[in-house]
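Note sheet for the following structure.
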Amino acid sequence: MLDINFIRDNQEQVENGMLAKGEKENSIVADVLAKDEEWRAIVHKADNIRSESNAKAKKIGALMGQGKKEEAQTIIAETSSLKEEIKNLDEQVKAIQEERENLLYKIPNVPHSSVPVGSNESDNKVFSTWGEPNIEVWRKPHWEIVERYGWVDFERGVKVTGAGFPFYIGPVAQLQRALINYFINEAGKAGYTELQAPYFVNEASARGTGQIPDKEDMMYVVPRDEFFAIPTAEVPVTNFHRDEIVAEQDLPIKYVCYTPCWRREAGSYGKDVRGLNRLHQFDKVELVKIVKPETSYDELESLREHAEKLLQALKLPYRTLLMCTGDMGFTQSKKYDLEVWSPGQQRWLEVSSCSNFESFQARRMQLRYRKEEKNTEMVHTLNGSALALPRVVSAILEAYQEENVKIRVPEVLKPFIGRDYL
RNA sequence: GGAGAGGUGGCUGAGUGGCUGAAAGCGCUCCCCUGCUAAGGGAGUUUAUUUGGAAACAAGUAACGAGGGUUCGAAUCCCUCCCUCUCCGCCA
């Protein structure tokens, strides 16, 4: 959510930002400002009447204390109309405020000036590439490898839960556990505090990070207890400090958190969902940063670099995309995607997404820090995957296979797995 | 799940209808005094929002777990929900 004061002062920028992000309409910006005018006028009126009413109530108290019941009675009679009026105005304020809020929720974050303008994924800029994409034709896609060895059981996953909920068996299960440990350890070395978070959140948390009202359909819900299964650790971890005012000297706050992620992925189909490419449950190690506004873009770069180093250490070729305005989502102001090369599929697979939200999430969460002596200011929040597991697993299986289809273990994972081949 | 107790400012903790946005203590900030690794004195110290102001700031409004109700007036009374603690039950 954007700051209404910011919108008031930067109407044009917000309107242009909406169009750049691919919204067809931006009249909502003018609507929200009009609604805000209305709100302020009526709040002002209500406050004045309340003030009058409070003054009278005080006088009544004083008169009662002096035993002047008669005089008090006449003032009480006067207040009854005020009471009615206040009640009326309060209802209006509440209604208008809600309308204003609803409009505000529909305005996306403004893209940063360094973000390329574009309408879809073809306009994303290749920011950098690392390594040489392997194009040997004998390499098999990971689904053939895991089938041959019986390392992932999709069918039993369907039986037990449904499509997109596979079992991982033996070496691949071990590989995933090794990756999780490796990723968390590396984040720890980089100064991230390890967190274990709830896998279910309440509605306020889902709202805080922007899953509601925008992306409600991506989440699994537990209706009886009104919980949402987390689509990413970003949700519980960023909400960790919701409704708090943190101390300036505590910033930046950096967390690493491993969780499974649940996503309904409604509408996905085709080649994209083959094998481990797209699942309803997958594992991910997530980084979250809570920082001072003036540092957030530097923090974004170091976040991206950290994620990139993991792919480098695994010796997996990848490219980094700077997402264009039209492809970066509602809540972000700037976003990088890391795509690993899948030699068995001959295509790039997204394994990380590093974003700066500026104060967009912080404002929803009322997450502030105390600046200098008095003032409080919204923090900036960032997050990035480091990394999402299944596609890294695919890339490893495909890149580390030898012609006899044996799979070598990446050097940095050997301490966790304890042998040379899976 | 059953029974009971309770949720007040950064913390401890008072407050059962008006003079309480909130005593007192601790902590913190600033100033003064003091020649010594201490003590004393004074002032300040929640948040949001509206109006005015370039700003400092001033005035108003709201908030004592959340929401609703009673009342001229609610931290204080009533209702619903959430949470915490104690005992019982169940359990990794």
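By convention in this document, chain letters (A, B, ...) are assigned in the order of the sequence lines, proteins followed by strands, and residues within each chain are numbered from 1.
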Distance-only polar pair, side chains of A/H306 and A/Y192, donor-acceptor under 3.5 Å = no
Let me know the distance between NZ of A/K83 and C1' of B/C72, rounded to the nearest Å.
-> 7 Å
Verify the contact: side-chain N or O of A/K58 to OP1 or OP2 of B/G17, cut-off strictly under 4.0 Å; return yes or no.
-> no
Measure the distance from CG on A/L367 to P on B/U47 and round it to the nearest whole Å.
-> 16 Å
Nearest-Å distance for atom pair CD1/C1', residues A/I76 and B/G18 = 12 Å
Send over the distance from A/E84 CD to B/U71 P, rounded to a whole Å.
-> 12 Å
Using only heavy-atom distances, determine whether the side chains of A/E244 and A/Y369 contain a donor-acceptor pair under 3.5 Å.
-> no
A/F240 ring center within less than 6.0 Å of A/Y255 ring center = yes
Using a 4.0 Å heavy-atom cut-off across all strands, classify A/K87 as base, sugar-phosphate, or nothing.
-> nothing
Quick one: A/I86 CD1 to B/C72 C1', roughly how many Å, whole number?
-> 10 Å
Before giving the answer on side-chain contact (heavy atoms from CB on, under 4.5 Å), spell out for A/K406 and A/Y400 the whole-Å C-alpha distance, their side-chain angles and the decisive distance to 0.1 Å.
-> CA-CA 8 Å; A/K406 282 182 86 173; A/Y400 280 79; over 6 Å; no
Partner of A/K289 under side chain to side chain contact (heavy atoms under 4.5 Å, CB included), chosen from A/L303, A/N356, A/L300 | A/L303
Nucleic acid footprint by protein, nucleotides 48-62 of chain B - heavy-atom cut-off 4.0 Å, B for base, S for sugar-phosphate alone = SSSS--------BSS
Look at the side-chain N and O atoms of A/R370 and state whether any lies under 4.0 Å from the OP1 or OP2 oxygen of B/U46.
-> no
